[in-house]
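Since the structure comes first, as structure tokens, the remarks are kept for the end.
One-based numbering along the sequence shown.
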Amino acid sequence: MGTLFWIKRFLLVFCCTFLLIFLSAVLPRHREVWQASWESALWALLATVIFITNRLYRSSRGQACAICRDTVEESSIHPASEH
């Protein structure tokens, strides 16, 4: 897993998190768009950094993520086969 993989993962997590936080701030509370976007970007950045740091740490230790199932090591060790 190279740098490009982690950049794509960062952008994916950031965009999804930003969208969820932004919509939850704007729709029910009728907040200003600029204020909601600023706060959403800040919280999305924080959440994304925590998520990516955790994934990098676990990946460096060789621990596979049961939910993500995207590590190269896992897919090469466990080939898909039906019994």
| query | Do Leu56 and Val49 share a hydrophobic cluster (ILVMFWY, side-chain heavy atoms under 4.5 Å, transitive)? | reply | yes

| query | In terms of hydrophobic clustering (I, L, V, M, F, W, Y; side-chain heavy atoms under 4.5 Å; direct or indirect links), are Phe51 and Leu45 co-clustered? | reply | yes

| Which atom of Thr17 lies closest to which atom of Ala44, heavy atoms considered | CG2-CA, 3.8 Å

| field | Interatomic spacing from CH2 in Trp6 to CZ in Arg9 - rounded to 0.5 Å | value | 7.0 Å

| Check against side chain to side chain contact (heavy atoms under 4.5 Å, CB included), Phe10 and Ile7 | CA-CA 5 Å; Phe10 182 89; Ile7 291 172; 5.6 Å; no

| Any donor-acceptor N/O pair, Ser24 side chain to Ile21 backbone, under 3.5 Å | yes

| remark: Per side-chain contact (heavy atoms from CB on, under 4.5 Å), Thr48 is matched among Val13, Leu11, Leu12, Thr53 by Val13

| query | Are side-chain heavy atoms of Phe22 and Val33 found at a separation under 4.5 Å? | reply | yes

| said: Do Trp43 and Phe14 land in one hydrophobic cluster if side-chain heavy atoms of ILVMFWY residues count as linked below 4.5 Å? | reply: no

